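Down below is the structure, laid out as structure tokens.
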Amino acid sequence: SSDVCSSDLDGKEVANKPEPDTRYQMFINNFKALKGVDAYTPMYPTYISRAFDQGMELRMPEVEKLFTEFCSSPEIKQVATLISNRLGRPLQPFDIWYDGFKSRSSMDQAMLDKMTQKKYPNTAAFEKDIPNILIKMGFKPEKAKEIASHITVDPARGSGHAWPSSMKGDKNHLRTRIIKGGMDYKGYNIACHELGHNVEQTISLYMVDNWMMAGVPNTAFTEAFAFNFQKHDLDFLGIKDNTPNKDQLEALDDFWMAYEIMGVSLIDMKTWQWLYDHPDATAKELNETVTSTAKEIWNKYYADIFGVKDTPILGIYSHMIEDPLYLSNYPVGHLIEFQLTQFFKGKDFGAEAIRIFSAGRMIPQLWMKNAVGSEISVKPLLQATDEALKVIR
């Protein structure tokens, strides 16, 4: 926030002025608009209750408890030590986004881009290939064709999106970016994620008992299925992944991703609680609060791991502004996705996916019991991480 900051570059000082509080004014505008709805929803008198009690059908303290239990686990330090050893240096705060457990991290990005651009020069090519992708995922050919018939692919201006149909006969829309020369690997990886959404949207609309039950309990469940598809992107390309200890590496990757996004989500929740306590806050005050909250969460769950205090890096997410209180769906989705992935192993994926997602919009914990036999929990991922750490050194 100072006008001048020191730089290590040639020992010279570099002039610097803080950015204006524009992004935080956008946040406040969202808050005021959504708070304005409060008077018309007496059963859910705050946006917080509408996002959690009504939308997720999970209470915010329940979600917060999942996150704090996970972020306080002893496995955090062990995985951090492993990452530090793999990098050959002490961890830095930006290593919260370490991506080195993924198989693709060791592959030539240019080679992957070339492959996807040749295979998918336009949206029509990807749409035409959806039945083949679904067969590779584990669906029977006739079901793959049926599901694919309800999905259409559009070019995206942004990174990607999946837009569901609200009535039978309409199409679910898959949107992903196609750059000049064809779909690069990043666009393809996102397309696989969005395809997972579209498949869920098709099953939970066309195969539920009745239309009133259409959908899933909350968006974390569709994110879980989308993550599952995204993980198989190399399989769809016919690239055999011979990575040693693949299952263990995937568990560690899920673990580290969950650790990162849970901290961000805790900031999001605490910020909204603060706004309801300070409804007349200015953009400057909100800026200071988000920054101090980010440092508070960092110091509590991350500083001892990274050896650095007072880092505001977790407060960087514009997702807090673009989709208010949506962030919690991602870590809950990671937990659900992991439980589903473990359950799918050795089973008929297509048949089980249809059985599970055709249950429709039950309450979350009942849906999970019906799906895998247990409620949403951090324990399966922590247990798998313990097992992975015994193998990966």
Side-chain angles (χ1 to χ4, degrees), residues 2 5-14 16 67-68 70-113 185-186 189 227 230-231 234 241-267 291-319 327 330-331 334 338 378 381-393:
S2 60
C5 68
S6 297
S7 169
D8 291 330
L9 183 62
D10 299 326
K12 298 176 182 177
E13 287 188 341
V14 178
N16 175 51
F67 296 172
T68 55
F70 188 94
C71 290
S72 303
S73 67
E75 288 83 0
I76 300 289
K77 184 67 174 177
Q78 297 172 55
V79 176
T81 301
L82 173 62
I83 293 172
S84 178
N85 290 338
R86 287 165 69 94
L87 291 172
R89 59 168 173 77
L91 292 185
Q92 297 293 323
F94 56 78
D95 291 317
I96 195 64
W97 296 299
Y98 175 76
D99 204 34
F101 292 126
K102 289 183 175 65
S103 300
R104 68 171 183 266
S105 65
S106 61
M107 295 187 178
D108 182 359
Q109 184 72 39
M111 179 273 290
L112 291 172
D113 286 341
Y185 176 73
K186 181 179 179 181
N189 178 261
F227 287 138
Q230 192 172 11
K231 276 186 174 180
L234 296 179
D241 189 354
N242 295 316
T243 304
N245 306 312
K246 179 184 175 184
D247 289 347
Q248 289 79 13
L249 289 170
E250 284 185 356
L252 293 170
D253 187 51
D254 283 339
F255 178 89
W256 200 249
M257 284 194 297
Y259 177 48
E260 174 261 337
I261 201 65
M262 283 180 184
V264 178
S265 303
L266 288 169
I267 296 167
T291 302
S292 64
T293 302
K295 290 179 180 179
E296 175 193 338
I297 296 297
W298 179 271
N299 288 343
K300 189 169 185 179
Y301 299 109
Y302 299 83
D304 288 346
I305 303 300
F306 289 84
V308 180
K309 284 189 173 183
D310 296 327
T311 296
I313 195 169
L314 295 173
I316 197 173
Y317 277 66
S318 293
H319 213 313
L327 277 164
Y330 289 116
H334 281 305
F338 189 81
V378 301
L381 182 50
L382 293 179
Q383 290 169 357
T385 301
D386 285 333
E387 293 302 313
L389 286 167
K390 294 175 183 176
V391 176
I392 309 296
R393 297 294 181 186

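None of the values given here were measured: they were computed from a predicted structure.
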Reported [atom1]-to-[atom2] distance for the pair [X] and [Y], which is rounded to 0.5 angstrom:
X      : Y      : atom1 : atom2 : value
Lys102 : Asp254 : NZ    : CG    : 8.0 Å
Tyr317 : Ile267 : OH    : CD1   : 10.0 Å
Ile83  : Asp95  : CD1   : CG    : 7.5 Å
Met257 : Phe101 : CE    : CZ    : 11.0 Å

> Are there more than 12 heavy atoms of other residues, nucleotides or ligands under 6.0 Å from atom CG of Leu87?
Replying inline: yes

> Is the closest side-chain heavy-atom distance between Val264 and Tyr330 below 4.5 Å?
Replying inline: no

>> For a 4.5 angstrom cut-off between non-hydrogen side-chain atoms, does Tyr98 reach Arg86?
In response: yes

Closest heavy-atom pair and its distance - [X], [Y]:
X      : Y      : value
Trp256 : Ile76  : CZ3-O, 4.2 Å
Leu381 : Ala258 : CD2-CB, 4.4 Å
Thr291 : Pro312 : CG2-CB, 4.1 Å

Report yes or no: does [X] contribute a side-chain atom to a donor-acceptor pair with the main-chain N or O of [Y] at less than 3.5 Å?
X      : Y      : answer
Thr385 : Leu252 : no
Trp298 : Val308 : yes
Asn85  : Thr81  : yes

> Which residue pairs satisfy the side-chain hydrogen bond (donor to acceptor under 3.5 Å, both in side chains) criterion with at least one member in residues 303-312, sequence neighbours excluded?
Replying inline: Asn299-Asp310

> Knowing that exactly one of Tyr302, Phe70, Phe67 qualifies, which makes a ring pair (Phe, Tyr, Trp, His ring centres under 6.0 Å) with Tyr259?
Replying inline: Tyr302

